[in-house]
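Being a predicted model, the structure only gives us computed values, none of them experimental.
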Amino acid sequence: MGESLAISKTLSANDAGDTGAHQAGILVPKEEKILSFFPHLAADRRNPRAHLLFRDESGAEWEFAFIYYNNRLFGGTRNEYRLTRMTRYIREQALVPGDEVLLSRDGHGSYSITARRLKKSTARRDAEGRVVLQLGGGWRIIELHGGGK
DNA sequence: AGCCATGCACCG
DNA sequence: CGGTGCATGGCT
C-alpha cells in the first residue's frame, strides 16, 4: 500500500526526443519492484492506463500516463508497460540522453519527479536545441537536428 | 527486453 | 497544418 518508493530511468535517445519519434513513452520493465511503484493495471482488458500527477521541485504538476500495452493477450504482439506524455517535461527540463529522471512516491501515494543530469559531462542543449556534450576540456556537438527544416 | 519508428486521430 | 499522443509494428 502506502509504501514510499523511488525508481529512476536513464533517458535513451528516443526518450529524450532525439530520434524524431513522436512518442515520448519510456519503457517500464516488467519487474515487480518497479511495477509496484505504479498503480496496478488489470490484464483482463486491453491497454489499461492510469493518469498520474507528478510534482517537480518547483511545485509544478505534470500528468503522465502509465499504460499497459497488452494486446498480446488479445491476439496482438505487444506486452509492455510505458510511461507516456513526458514530452513537455523532458523538453522544458532540456534533458538529454544519459540524464536520469527520478520518480518518487511517498507514503500517501503522491508522486514527484526530479531530473538528475549527468555529473561527469555537462550535457546541455544549445539555443537551437542541439545536444552539446562536454568531454574533457573542449565542447563538441555530438548531434545535430532541427536547425534547417 | 529495450529502443526506434510511424500512420492516424485529435487539437491548437 | 504542425505538434503531440495513441497504438502498434520493427529492428537489434
Side-chain angles (χ1 to χ4, degrees), chain A residues 3-105 109-135 140-149:
Chain A
E3 191 179 338
S4 68
L5 185 59
I7 60 178
S8 78
K9 169 72 163 73
T10 299
L11 264 38
S12 69
N14 201 47
D15 295 336
D18 285 3
T19 60
H22 44 255
Q23 160 64 281
I26 70 178
L27 185 73
V28 177
K30 293 194 287 285
E31 289 173 27
E32 261 185 67
K33 201 72 177 173
I34 291 183
L35 288 181
S36 75
F37 176 86
F38 297 99
H40 176 261
L41 296 177
D44 60 348
R45 59 197 165 96
R46 202 185 185 97
N47 297 351
R49 60 191 294 152
H51 291 171
L52 308 173
L53 286 178
F54 286 81
R55 188 172 294 277
D56 69 18
E57 307 92 318
S58 77
E61 277 193 341
W62 304 85
E63 184 179 283
F64 303 144
F66 179 56
I67 309 176
Y68 180 24
Y69 285 107
N70 64 355
N71 72 11
R72 178 158 190 185
L73 309 175
F74 301 88
T77 62
R78 298 291 109 179
N79 183 29
E80 64 200 29
Y81 293 85
R82 290 194 189 176
L83 189 63
T84 71
R85 303 185 53 186
M86 300 183 73
T87 304
R88 280 181 304 274
Y89 177 81
I90 288 168
R91 290 242 104 98
E92 288 183 26
Q93 301 286 323
L95 300 182
V96 300
D99 286 346
E100 191 177 33
V101 289
L102 206 77
L103 306 174
S104 322
R105 190 196 60 197
S110 301
Y111 293 99
S112 61
I113 183 172
T114 146
R116 278 204 353 170
R117 283 154 180 104
L118 291 174
K119 289 185 175 175
K120 276 285 187 160
S121 78
T122 52
R124 289 292 180 275
R125 289 188 192 281
D126 66 13
E128 321 247 309
R130 294 176 298 209
V131 174
V132 179
L133 180 60
Q134 183 177 30
L135 294 174
R140 178 162 84 97
I141 296 174
I142 58 169
E143 180 159 356
L144 290 168
H145 70 87
K149 302 196 167 179

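Along DNA chain B, the nucleotide nearest to Gly20(A) and the one nearest to Thr10(A) differ in position, and the one closer to the 5' end is contacted by Thr10(A).
Look at Thr87(A) and you won't find any side-chain N or O under 4.0 angstrom from OP1 or OP2 of dG3(C). OP1 or OP2 of dA7(C) lies within a sub-4.0 Å distance of a side-chain N or O belonging to Arg49(A). Side-chain nitrogen and oxygen atoms of Arg46(A) include at least one within less than 4.0 Å of the OP1 or OP2 phosphate oxygen of dT8(C).
Atom CG of Leu103(A) sits about 5.0 Å away from atom CD1 of Ile7(A), to the nearest 0.5 Å. Taking OH of Tyr81(A) as the start and CD1 of Ile67(A) as the end, the distance is 12.5 Å to the nearest 0.5 Å. Taking CH2 of Trp62(A) as the start and CZ of Arg85(A) as the end, the distance is 12.0 Å to the nearest 0.5 Å. Rounding to the nearest 0.5 angstrom, the gap separating the OG1 atom in Thr84(A) from the CD atom in Glu63(A) is 9.5 Å.
Of all the heavy atoms in Pro39(A) and Leu52(A), the pair that sits closest is CG-CD2, 3.7 Å.
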Are Tyr89(A) and Asp56(A) close enough, and set up right, to give a side-chain hydrogen bond (donor to acceptor under 3.5 Å, both in side chains), and what steps lead you there?
CA-CA 10 Å; Tyr89(A) 177 81; Asp56(A) 69 18; over 6 Å; no
Evaluate the criterion side chain to side chain contact (heavy atoms under 4.5 Å, CB included) for residue pair Arg117(A) and Asp99(A); output intermediate values, then yes/no.
CA-CA 5 Å; Arg117(A) 283 154 180 104; Asp99(A) 286 346; 3.6 Å; yes
Verify side chain to side chain contact (heavy atoms under 4.5 Å, CB included) between Phe54(A) and Met86(A), making sure each step is shown before the conclusion.
CA-CA 11 Å; Phe54(A) 286 81; Met86(A) 300 183 73; over 6 Å; no
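Judged as a side-chain contact (heavy atoms from CB on, under 4.5 Å), and not counting sequence neighbours, the contacts of Glu31(A) are Pro29(A), Ile34(A). Considering only residues two or more places apart in sequence or on other chains, Phe38(A) meets the ring pair (Phe, Tyr, Trp, His ring centres under 6.0 Å) condition with Phe66(A). Ser36(A) pairs by the side-chain contact (heavy atoms from CB on, under 4.5 Å) definition with Leu5(A), not counting sequence neighbours. For the side chain to side chain donor-acceptor pair (under 3.5 Å) test, residues two or more places apart in sequence or in another chain that qualify with Glu57(A) are Thr114(A). The side-chain contact (heavy atoms from CB on, under 4.5 Å) test applied to Arg46(A) returns Asn70(A), Asn71(A), Phe74(A), not counting sequence neighbours. Under the side-chain contact (heavy atoms from CB on, under 4.5 Å) criterion, Ser8(A) pairs with Glu100(A), Leu102(A), not counting sequence neighbours. Arg55(A) pairs by the salt bridge (Lys or Arg N to Asp or Glu O under 4.0 Å) definition with Glu61(A), not counting sequence neighbours.
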N/O contacts under 3.5 Å, protein versus nucleotides 9-12 of chain C?
residue, atom, partner, partner atom, Å
dG9(C), OP2, Thr77(A), OG1, 2.7
dG9(C), N7, Arg78(A), NE, 3.3
dG9(C), N7, Arg78(A), NH1, 3.2
dG9(C), N7, Arg78(A), NH2, 3.4
dG9(C), O6, Arg82(A), NH2, 3.4
dG10(C), N7, Arg78(A), NH2, 3.1
dG10(C), O6, Arg78(A), NH1, 2.9

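Of the residues in residues 58-66 of chain A, none has a non-hydrogen atom less than 4.0 angstrom from any atom of DNA chain C. Contacts between residues 32-45 of chain A and DNA chain C, counted as heavy-atom distances below 4.0 Å, involve no residue at all.
Comparing the axis of the opening five pairs of the helix from dA1(B)-dT12(C) to dG12(B)-dC1(C) with that of the closing five pairs yields an angle of 10°, rounded to 10°.
A 4.0 Å heavy-atom criterion places the boundary nucleotides of DNA chain B facing chain A at dA1(B) to dC8(B), written 5' to 3'.
Computed from coordinates, the Asn14(A) CG to dG5(C) P distance equals 13 Å when rounded to whole Å.
Between the side chain of Lys30(A) and the backbone N or O of Asn79(A) there is at least one donor-acceptor pair closer than 3.5 Å.
A donor-acceptor contact under 3.5 angstrom links the side-chain atoms of His22(A) to the base of dG5(C).
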